[in-house]
Every structure is written in structure tokens, then in C-alpha cells.
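Written out below as C-alpha cells is the structure these notes cover.
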Amino acid sequence: MQKEFVLSPGEGHFFFGFHDLVAWNFTGNKLLALQAPDITAPPDPRIACGIGYFDAAQQFRALGKTYAYNYPQGARQQWIGETDTFIVNDRVGEKWGSRIYDADNDKCVATLPLPAHVITDKGVAFGLDYARLFRVGGYGYTGLPDKQAHIHAPADSGITVHNIYTGEQSLLLSVAAVANYRMNPSLGQHHYITHLLLNPSQNRLAFLHRYKLKDGGETTRLMTIGTDGSGLACLATGFLSHFDWKDDRHIAIWGRTGSGIEKLRGSLLYKMMPAGLIANGKKVLKKLLYTREKGAKAVAPFNWLLLEDTDNAVPAMLAKDIITEDGHPMFCPANRDWMICDTYPDQHGIRTLFLFQYSTQKKTTLGTYRMIDTKPDLQLADRLLEGVDEGVLKAFSLEQMAFTRSGLHCDLHPRWKRDGSLVAFDSIHEGHRMIYGYDVSSIVHANKKVPV
């Protein structure tokens with residue numbers, strides 16, 4: 001039976017990060033990786049993470065270090081088009097910026113004043129406010145304060161855009177503009193933007209707009225905008241999680257829209273109720289809304305949804321009753337009929353890696369990987385989580401925050417090789433964090449369909 005194989009041999013802990021980037025260069029002979037000094041605590045702003053790549057001989061070539069990283073999403077290291085140069089986020093003075101490395105000459109060739117979350121093949125990079133993300137409990141970077149912490153919807157924070165070749169830069173979209181789009185911004189607090197993702201043609205960006213609620217919860221809106229700043233749209237609002245573009249006009253996302261809780265939060269009664277009363281009654285409300293009569297058929301409140309890129313999209317179902325839980329999806333760049341995905345740990349700590357073919361609605365399990373039982377160092381975590389908003393720290397225990405922000409919480413985050421022959425994923429099932437590969441070419445070629 002086919003099995004996974006190690007792509008990051010050697011001493012130490014290696015990882016890549018999220019499921020939304022291709023880790024290999026265009027020719028497929030270099031694999032980007034980060035080398036972590038210690039995975040038992042959240043990132044320390046005084047301790048850098050190594051950056052480099054594995055060459056064709058599977059030797060790690062270290063090119064530098066970065067202070068701008070987290071374990072779920074790495075440092076957003078990514079290749080630039082068909083070149084052997086890559087961009088990676090780093091601390092530049094007292095700001096989050098980025099650096100460009102030339103993998104042919106193994107050296108840093110540019111330092112840039114803005115970070116990059118995604119970058120087009122032509123070198124146009126789009127970044128986020130990582131200091132704000134860290135403060136509100138998102139995937140930010142440790143070490144710099146959120147200068148707009150006192151403003152719930154700042155006008156000078158949001159999605160930045162800069163051309164790495166010409167130096168042209170601007171604010172593409174502010175948090176204030178997003179919070180004022182088709183909603184009353186005063187209904188939420190601590191608005192922020194996260195999870196930028198380019199569509200296949202690289203002319204539109206999808207992102208999540210999130211904000212805190214007075215009942216202690218959080219609402220998410222799936223939104224899109226053109227890379228030129230035009231055509232802002234809000235596809236859906238609710239509990240929305242991981243997503244990817246199925247094609248240029250559709251997004252697959254795990255979540256729930258229009259639930260009883262969400263309808264209540266949009267009601268006049270909710271808007272008029274004191275925050276303390278809402279927070280105390282939230283558990284009772286959930287119980288009343290979601291408890292079904294004994295013997296009644298269970299109705300799953302969450303599904304994989306397929307949404308058209310338009311305002312208030314009518315959701316269709318993706319893989320209904322086939323994929324029944326949240327995970328980290330990525331559609332194959334070479335043939336978007338295929339999706340690689342994973343699951344969160346089950347009650348035994350086991351994550352599952354699987355393929356899904358859209359045209360046949362067939363799911364193929366590739367492997368299962370158990371998380372290790374090591375716990376994070378709470379003495380370190382307490383200090384390293386300084387700056388996270390007080391409301392976030394109240395909503396989650398220190399143990400939970402320390403674990404999810406440390407390298408011990410290792411989602412598989414599978415990602416395709418550009419030609420669709422291999423997938424790579426991070427895992428910790430053998431005791432230390434490594435990058436693994438899985439050859440899926442025989443499965444994909446045996447079930448070949450016309451690209452959708």
C-alpha cells in the first residue's frame with residue numbers, strides 16, 4: 001500500500017504552513033521550508049525562524065531568518081511566478097515587511113517595507129495588518145503593537161498592495177470600508193481582515209472579514225474584491241471557515257449561514273439588549289435553538305458550501321454527505337476537478353488526509369496521522385501571548401491558546417505540486433515536525449476527467 005514519505009530530512013523541526021500556497025518552484029525541484037528552533041511554545045519575538053528550501057537532493061539550503069512567522073501559516077513564503085526567487089515576510093525595522101531571496105545564488109536581493117500574504121506572477125503583493133491580527137487572536141506575528149487597537153474599524157489598516165519591481169504601494173482596501181459595506185459597523189467590535197487568497201486568474205481576491213460581537217462571539221463574512229480595488233462583494237455571512245477558489249467564479253467554504261443564532265444576532269431585540277445579558281444567555285439560546293426532539297432526525301448545521309462570486313450568493317452544496325467536517329482544502333492548480341483536504345483531530349487525535357474528485361463526487365482516503373501528546377510550555381506561553389486582546393484571552397484558556405499557537409498543533413494543511421502529481425503536508429506523528437509528500441499521480445490519472 002502506498003504511503004507518505006519524508007520531504008524534509010535532517011535535524012530539527014521543518015514546516016511550511018498553510019494549505020493555500022504551492023510550496024514547490026515552477027520547475028518543481030525546490031521546496032520552500034521553515035526551520036523552527038522550538039515548537040513547544042508560541043513564537044518568541046526575540047528568536048528567529050530559519051528560512052530556505054530543500055533542493056533536488058533533499059538537502060536543506062538555509063538562506064536567512066525571519067521574525068514574522070506563526071505555525072499555522074508560516075511566514076507566507078512563496079515563489080514569484082516562474083522565477084527561482086521567493087518572497088517571505090520579516091520584521092523590517094519597526095514594521096512588518098518582507099524580503100526577496102534568489103534561490104539560484106542563495107542570497108537576499110531585496111528588502112521591502114510592506115508584507116505579502118499573496119503575490120501574483122507579475123510581482124504584485126497583497127498584505128495584511130499582522131499586528132492587528134495577533135492582537136485579535138488571528139494568525140498574526142509576535143513583537144509589534146497594534147497601533148490602531150483603540151479603533152474598531154480603522155481607515156488606515158487593511159489590505160495593502162505593492163509592486164515588488166516598481167516599488168509602487170497603496171492601501172487597496174481599508175477595514176473601515178469593509179465594515180461599512182452592506183452592514184452597520186457599530187454592530188461589531190475589533191473588525192479585521194484575514195485569509196487573503198487569489199483566484200486562478202489572479203484578478204480577484206477572496207478574504208474573510210471578521211468582527212467581535214457583544215455576546216462574546218464572532219461573525220465572519222466571506223468577501224471578494226478585484227486586484228485593482230474594484231468590485232467589492234459580500235458572498236455570505238455566518239460561521240465561515242476554510243475555503244479555496246473552485247474556479248474563477250466560485251468559492252468552496254466550510255460553514256453555516258442563516259442559522260437561528262445568526263438570525264437572532266441580526267434582530268432588533270439583540271441590538272437593543274445589554275452586552276452582559278446577551279453573554280449570560282447565549283448558552284441557553286443555543287440550547288433552545290439547536291436541541292431537537294428525541295428521535296428526530298439529526299440535521300447537520302454545517303456543510304461544505306459552493307458560493308458564486310456575487311453579493312448574497314445562494315449557497316449550493318459541495319460534497320454533501322461525503323465530506324462532513326471542516327478541513328483545509330486546496331484545488332489542484334493543474335486540474336481543479338481535484339481537491340486535497342484534511343480533517344481536524346478526532347477523539348483519538350487522528351487527522352485524515354484525503355482526495356476528493358468533484359466530477360465523480362468520490363472521496364479517497366490517503367492516510368491517517370496521529371498528533372503527539374506533548375503539551376506546550378505554559379511558562380513561556382504566558383509571556384509570549386502578551387498583546388493579545390483581553391477578550392480573546394478570556395474566551396480561550398491559556399492551555400488552548402498556547403497549544404494552538406505552538407508548533408505542537410500541527411494541522412496537515414495539504415498543498416499540491418503545480419503539476420498535480422504530488423501533495424505535501426506538515427505532520428508531527430513521528431515525534432517531531434516534518435514535511436511529508438504523497439504521490440497521488442496514479443489516483444488522479446486513473447480517474448482523469450476534463451478539467452472543470
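- Annotation: F26, atom CZ; neighbour count of heavy atoms from other residues, nucleotides and ligands within 6.0 Å does not exceed 12.
- Salt bridge D104/K107: absent, no basic N to carboxylate O contact under 4.0 Å.
- Taking the centre and axis of the six-membered ring of F331, the NZ or CZ atom of K246 falls inside the cone set by 45° and 6.0 Å.
- No side-chain donor-acceptor contact under 3.5 Å links Y101 and Q77.
- Residues E430 and Y436 have side chains that bring a donor and an acceptor to within less than 3.5 angstrom of each other.
- Closest heavy-atom contact between P145 and A131: O-CB, 3.5 Å.
- Taking 4.5 Å as the limit, every side-chain heavy atom of L422 sits out of range of all side-chain heavy atoms of Y438.
- By the 4.0 Å N-to-carboxylate-O rule, R99 lies close enough to D90 to be salt-bridged with it.
- Under the 4.0 Å criterion applied to side-chain N and carboxylate O atoms, D419 and K417 are not assigned as salt-bridge partners.
- Here the straight-line distance linking atom CG of N29 with atom CG of D55 works out to 8.5 Å at 0.5 Å rounding.
- Residues I225 and L172 are in side-chain contact: their nearest non-hydrogen atoms beyond the backbone lie under 4.5 Å apart.
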So T40 and D377, side-chain hydrogen bond (donor to acceptor under 3.5 Å, both in side chains) or not? Walk me through it. CA-CA 6 Å; T40 63; D377 188 334; 5.2 Å; no
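- Side-chain rings of Y71 and F15 approach one another, their centers coming within less than 6.0 Å.
- Within the 3.5 Å criterion, the main-chain N or O of R76 finds a donor-acceptor partner in the side chain of Q78.
- In this structure, D346 does not pair ionically with R351, as no charged nitrogen and carboxylate oxygen lie closer than 4.0 Å.
- If you look at F403 and H409, their ring centroids are closer than 6.0 Å.
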Would you please test V161 and V124 for side chain to side chain contact (heavy atoms under 4.5 Å, CB included) and show each step? CA-CA 7 Å; V161 55; V124 179; 3.5 Å; yes
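- Inspection of the H328 and D342 side chains reveals an N or O donor paired with an N or O acceptor under 3.5 Å.
- Side-chain contact between H242 and W254 is absent, with no heavy atoms from C-beta onward closer than 4.5 Å.
- In the model, H117 has a side-chain atom that pairs as donor or acceptor with a side-chain atom of Y130 under 3.5 Å.
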I would like to know whether D44 and R383 meet salt bridge (Lys or Arg N to Asp or Glu O under 4.0 Å); could you show each step before the answer? CA-CA 9 Å; D44 188 322; R383 178 175 55 81; 3.7 Å; yes
Take Y358 and L306, measure what side chain to side chain contact (heavy atoms under 4.5 Å, CB included) needs, and give me the verdict at the end. CA-CA 11 Å; Y358 181 78; L306 193 63; 3.8 Å; yes
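- Contact of the L366 side chain with the L355 side chain is registered, since non-hydrogen atoms from C-beta on lie closer than 4.5 Å.
- Within the 4.5 Å cutoff, side-chain heavy atoms of R221 are placed close to those of V178.
- Side chain to side chain, H209 and H191 meet the donor-acceptor criterion of an N or O pair below 3.5 Å.
- Minimum interatomic distance between A68 and A75 (heavy atoms only, all atoms of both residues): O-CB, 3.1 Å.
- Taking the centre and axis of the six-membered ring of F354, the NZ or CZ atom of K363 falls inside the cone set by 45° and 6.0 Å.
- Here the closest non-hydrogen pair linking C234 and D311 is N-OD1, 2.7 Å.
- A side-chain donor from one of Y141 and N89 sits under 3.5 Å from a side-chain acceptor of the other.
- Side-chain N/O atoms of H13 and R433 include no donor and acceptor closer than 3.5 Å.
- Distance check: T142 OG1 to R46 CZ gives 11.5 Å after rounding to the nearest 0.5 Å.
- Looking only at side-chain heavy atoms (C-beta outward), Y139 and L133 stay at 4.5 Å or farther from each other.
- For the 3.5 Å distance criterion, the side chains of D129 and S157 qualify, holding a donor opposite an acceptor.
- Using a 4.0 Å cut-off between a side-chain N of Lys or Arg and a carboxylate O of Asp or Glu, R415 and D20 do not qualify as a salt bridge.
- A pairwise comparison of heavy atoms in I39 and S406 identifies O-CB, 3.5 Å as the closest pair.
- Classification of the F86-W79 ring pair by plane angle, with boundaries at 30° and 60°, yields perpendicular.
- For the residue pair T224 / R204, a side-chain donor-acceptor distance below 3.5 Å is found, with atom types taken as modelled.
- Side-chain contact annotation: N163 with E168, donor-acceptor N/O pair under 3.5 Å absent.
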Dump the intermediate steps for side chain to side chain contact (heavy atoms under 4.5 Å, CB included) on W416 and V440, then the final yes or no. CA-CA 10 Å; W416 288 93; V440 298; 3.7 Å; yes
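- Between N70 and R405 the shortest side-chain heavy-atom distance does not fall below 4.5 Å.
- Put simply, the side chain of Y165 reaches to within 4.5 Å of the side chain of I80, judged on heavy atoms.
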For R336 and D247: C-alpha separation, side-chain torsions, deciding distance, then whether salt bridge (Lys or Arg N to Asp or Glu O under 4.0 Å) applies. CA-CA 7 Å; R336 303 189 86 83; D247 53 45; over 6 Å; no
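- Taking both residues in full, the closest heavy atoms of V392 and V136 are given as CG2-O, 3.3 Å, listed atom of the first, atom of the second, then distance.
- With values rounded to the nearest 0.5 angstrom, I164 atom CD1 is found 5.5 Å from I87 atom CD1.
- Judged by distance alone, the side chains of D106 and Y53 do bring a donor and an acceptor atom under 3.5 Å apart.
- Residues T220 and R210 have side chains that bring a donor and an acceptor to within less than 3.5 angstrom of each other.
- The residue from L208, L240, L222 that alone fulfils the side chain to side chain contact (heavy atoms under 4.5 Å, CB included) condition with H195 is L208.
- Between atom CG of residue N25 and atom CG of residue L32 there is a gap of 8.0 Å, rounded to the nearest 0.5 Å.
- Nearest heavy atoms, F16 versus D426: N-OD2, 3.1 Å.
- In this structure, CG on L197 lies 8.0 Å from CG on L205, to the nearest 0.5 angstrom.
- Donor-acceptor pairing under 3.5 Å is lacking for the side chains of N203 and S201.
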Given F54 and S8, is the side chain to side chain contact (heavy atoms under 4.5 Å, CB included) satisfied, shown in steps? CA-CA 7 Å; F54 283 91; S8 60; 3.4 Å; yes
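- Taking CZ of F18 as the start and CD of Q73 as the end, the distance is 4.5 Å to the nearest 0.5 Å.
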